[in-house]
Structures are given as structure tokens and as C-alpha cells.
Amino acid sequence: MSTHKFLGGKVNVYKRGRSRYWQCSAYVAGKNRRTSTKEESLALAKEFAEDWYLDLRGKKRSGELGNERSFAEAAKKFEAEYEAITQGQRSPKWVQGHKDRIRLHLLPFFGVTPVSSITSGMAQEYRAHRMTKPEDWEDGAKEWKPPAKKTIHNEVVTLSMVLKTALRHDWIDHIPNLSDPYRRKSKIEHRPWFTEKEYKQLYNATRANAEKPLRPAHAWHAEQLHDFILFAVNTGMRPDELNQVEFRDIEIVDDDYSGNQILEIEVRGKRGVGYCKSMPGAVHTFERSRDRPRKISSEEGKRQGKPEPTDLLFPSEFKSMFNRILKENNLKFDRSGKARTAYSLRHSYICFRLLEGADIYQVAKNCRTSVEMIEKHYAAHLKDMIDTSLVNVQRRRKQHDDIY
């Protein structure tokens, strides 16, 4: 990092390896303060830094610098408050995500910059900084790839939450506009799901895997995976909801509409507590899982009888086995190149219900989501959602003789 000192060494002008702009710093009023000059020319950067330093000296004499807080202080305050106040409402992984973004990206860039000095332009400079390949990047070690738009969006959201914390404590009097000035309305893309043909191929593959697993020790997990897939596509539950459902949360009832037996499930997950009514196909899957001997120890291979009401329906994870079967059957990616995961089973349930003509409001209610989300990510991509009787309407015209 090249550094230039002037005004008797009181002001430093330097350039970060990842930025094309010169930065300046000075120790004023007991703190090391810095900001971006937004200049690529060293001469212009020195002029800016001199004016900036003299302005700080003037603020110091008038007492305006006494209560200025840095971004680092605001970030520390935000981390402490957010974790304490959202305890039990946000997952530890979600809270840790904010901390990681602050530690890895936001603090190195904003650091001791006063929160009052963070502007819309500085936020945009941060976006450009993140999308620019570092000058000290070693090409031979690993190929550099710019972060995804969603990644940068999440970082700006964290930045916004830190600034809101500063606003609540009266460290700043307003929050700058952090929106992307060049952002246009992005494409609405469908969620990766399995078509009926692909779903049939998947459950045939998991059934074969359950009948003849790669290792005998994995037989119980292979059977559970097969039931997990059938259960998910017949209920539309999220993976985290399936991981928390217990046998006492499920009841077999007679459906008033069809007369068939279905499952009524008390769901606990992303949206708190809700209810789900399954398709008839989930009943046999549930009974088979309930009657299957429960595995106690994977080392000893011990088993016990019927499960307790508080036992989890799917106590184990089988992510690696699921991904292996997807790859072996060329189902891991859809035609758009999007990777399929356990969430794709939920997406398949929603698409299957809409293709069968189910009411979109009832589907949203049964899946504990909104009609807007279903219309945006599912219904817009299904051809059967277009009613030709309402589209291909032709007005009857009177027959006239040809007057020419």
C-alpha cells in the first residue's frame, strides 16, 4: 500500500490495494479519522485531504467532534443488541451471518470512519470495491469470481441495520439512501422443482436405493430418505419444518372433501406454528415410517420398537445420499442450471397442486406462505395457469357484403 505524508506528517494519503481512489487519514481529537478522497489523481487527492483536515480542525475548535462515533463502534453496538433482542426469534446461523459480513467485509472498508460521514456515494463505492478484482490477487492460486448480487445485497442490508442502530442512539440524524442507483427490475425466475416425469424418476431411484443400498449399514437411512421425499412432495413442508416435526404433531383423519384419509400436521418452523393438510399419498408413507424399527445406535445397529410421541419423524439427515442420487440420475440441476435441493420437493408440491387446478389462496395457506410469492415464483411459469377460455375470446362480427 503506497502512502504519502504531508503537513508535517499530520495527514496521510494512501491507496488500498482493492480501490482505485486515494484515501486520507489524520489523527484529530483523540481519534484516527479517515475518509475517501474519491480522487484517482494523487495531486487532487492531496488537495482534498488538506481541505478535509483543516475542516476537522475547525470542527474540533467548535466542539463538533466531541460526540462523533465510528462505524466500528456502531457495528459493535448493533451486534450486542441484535443478538440479545432477537434471541429465540432468529436462528443462531442468521445472527452469525450479520457478524461475519461485518467482520469480513464491512469493517475492513468502513472501519473507523465516522458514521455521520457514510453517504450514499460511499455505499456505492463499497459496491464497486466488492465487484472489483483485488490488485494483489494471485491468479495461480484460485480463480477470482465477483460476489453474487444477493451477497452484496445482504451486506448492504447489514450496513443499513448498523446505521439504524446509530440513528436510534442519536449518533446520526439521518440514514443515507443505500439503494443501488443502477439496479433495474430483475428477472423473475422460477424455483427449481421436479416435473412429474423427473419426480417419478427420483422416487424410483430412492426406492431402488432403499432396497439395495451401497452399504448395508446405510439401509435404515436409505429407507428414511425414500419416505422423506414422498412425504415432502405430498405435504409441501419446508425442510426445516420436516426436521422438527414429531409423531405427536401428526394425526390421520378423514378428509371431508374426498372421503380419503389424510394427515393433519401441526407445523413448527420458519413462520412459527401453523397447520398443514396432506395429500392422501402421505398417509401410507407416514404409517410405514411409524412402523419401521427406530435406529438407536449407528455403531451397534440396535433397533427399538414403535416410536415415542416426542420422537422426530426424520431424526437423521441424508444430504450426501440425496445429492448422490440426484447426480447419478442427472437430476441435480434443472434446465436453467439451478441446483436442486430438498427445498425443490416443496416447490414440486406447489407446482403439482397448481397444475391440478387447486385454488392458489388455499395452496398458499396450506404452505404457510403468501399468494404473492406463489404467483411470482410458481404460477407465472406454469402453462396450465393460463385459461384459454378467458384468453382466446373472439367477438362475433356481423357479416357484411363486399361493397367493393
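These numbers were taken from a predicted model, which means no experiment stands behind them.
A centroid separation of 6.0 Å or more is found between the aromatic rings of F322 and F318. Ring centroid separation for the pair H105 and F109 does not come in under the 6.0 Å cut-off. Checked against the 6.0 Å centroid threshold, F71 and F110 count as a close aromatic pair. Between H4 and Y14, a ring centre-to-centre spacing not shorter than 6.0 Å is recorded.
Taking 4.5 Å as the limit, some side-chain heavy atom of N154 sits within range of a side-chain heavy atom of R101. Put simply, the side chain of R34 does not reach to within 4.5 Å of the side chain of C24, judged on heavy atoms. Side-chain contact check for T113 versus S70: every heavy-atom pair is 4.5 Å or farther apart. Q224 is listed as a side-chain neighbour of F314, based on a closest heavy-atom distance under 4.5 Å. Using a 4.5 Å heavy-atom cutoff, the side chains of E372 and S370 are in contact. Annotation: side chain of L202 is in contact with side chain of L345 (closest heavy-atom distance under 4.5 Å). Residues W171 and S116 fail the side-chain proximity criterion, which asks for heavy atoms closer than 4.5 Å. Contact of the Q201 side chain with the L331 side chain is registered, since non-hydrogen atoms from C-beta on lie closer than 4.5 Å.
Between Y82 and M161 the shortest heavy-atom distance is CE1-CE, 3.3 Å. Considering every non-hydrogen atom in both L355 and W193, the closest pair reads CD1-CH2, 4.2 Å. Taking every heavy atom of both residues into account, V253 and E264 meet most closely at CG2-CG, 3.6 Å. Nearest approach of L263 to A282, heavy atoms of both residues: CD1-O, 3.6 Å. Minimum interatomic distance between R368 and G236 (heavy atoms only, all atoms of both residues): NH2-O, 4.1 Å. The shortest heavy-atom contact between T310 and E246 is O-CD, 3.6 Å.
A distance of 10.5 Å separates CG in L42 from CD in E47, rounded to the nearest 0.5 Å. How far NE2 of H218 is from OG of S316: 11.0 Å, rounded to the nearest 0.5 Å. Annotation: the span from R346 atom CZ to C367 atom SG amounts to 5.0 Å, rounded to 0.5 Å.
At distances below 3.5 Å, not a single donor-acceptor pair connects side-chain atoms of T151 with backbone N or O atoms of P147. For D311 (side chain) and P307 (main-chain N/O), no donor-acceptor pair under 3.5 Å exists by modelled atom type. Looking only at distances, a side-chain donor or acceptor of K332 sits under 3.5 Å from a matching main-chain atom of R340. Proximity of a side-chain donor or acceptor of D51 to a complementary backbone N or O of F48 within less than 3.5 Å is not detected. Side chain of S120 to main chain of P176: no donor-acceptor pair is present (N/O by atom type, distance under 3.5 Å, no hydrogens or angles). Judged by distance alone, the side chain of T369 and the main-chain N or O of K365 form no donor-acceptor pair under 3.5 Å. In this structure, D334 contributes its side chain and K338 its backbone to a donor-acceptor pair below 3.5 Å. The main-chain N or O of P293 is found under 3.5 Å from a side-chain atom of W220 such that the two form a donor-acceptor pair. Between the S344 side chain and the T341 main chain, a donor and an acceptor come within less than 3.5 Å of each other. Without hydrogens or angle criteria, S36 side chain to Q23 main chain gives no donor-acceptor distance under 3.5 Å.
At a threshold of 4.0 Å, the pair K200-E198 does not count as salt-bridged, since none of the basic side-chain nitrogens sits closer than that to a carboxylate oxygen. Between E241 and R268, none of the side-chain N atoms (NZ, or NE/NH1/NH2) sits under 4.0 Å from a carboxylate O, so this pair counts as no salt bridge. Look at R292 and D227 and you find a salt bridge, because one of the NZ, NE, NH1 or NH2 atoms lies within 4.0 Å of a carboxylate O, short of that distance. Taking the charged nitrogens against the carboxylate oxygens, R248 and E308 have no contact shorter than 4.0 Å, which rules out a salt bridge. Ion pairing between E73 and K77 fails under the 4.0 Å rule for side-chain N and carboxylate O. Here E125 does not pair with K38 in a salt bridge; the nearest charged N to carboxylate O distance is not below 4.0 Å.
Note that R290 lies outside the cation-pi zone of F247, set by a 6.0 Å cut-off to the ring centre and a 45° limit from the axis.
Heavy atoms of other residues, nucleotides or ligands lying less than 6.0 angstrom from CZ of F6 number more than 12. When the shell of 6.0 Å around OH of Y203 is examined, it contains more than 12 heavy atoms from other residues, nucleotides or ligands. Counting non-hydrogen atoms of neighbouring residues, nucleotides and ligands closer than 6.0 angstrom, the CH2 atom of W94 reaches no more than 12 such neighbours.
Under 3.5 Å, the side chains of N366 and Q362 contain no donor-acceptor pair of N or O atoms. No hydrogens or angles considered: a donor-acceptor pair under 3.5 Å links the side chains of H169 and E81. No hydrogens or angles considered: nothing links the side chains of Y349 and R353 as a donor-acceptor pair under 3.5 Å.
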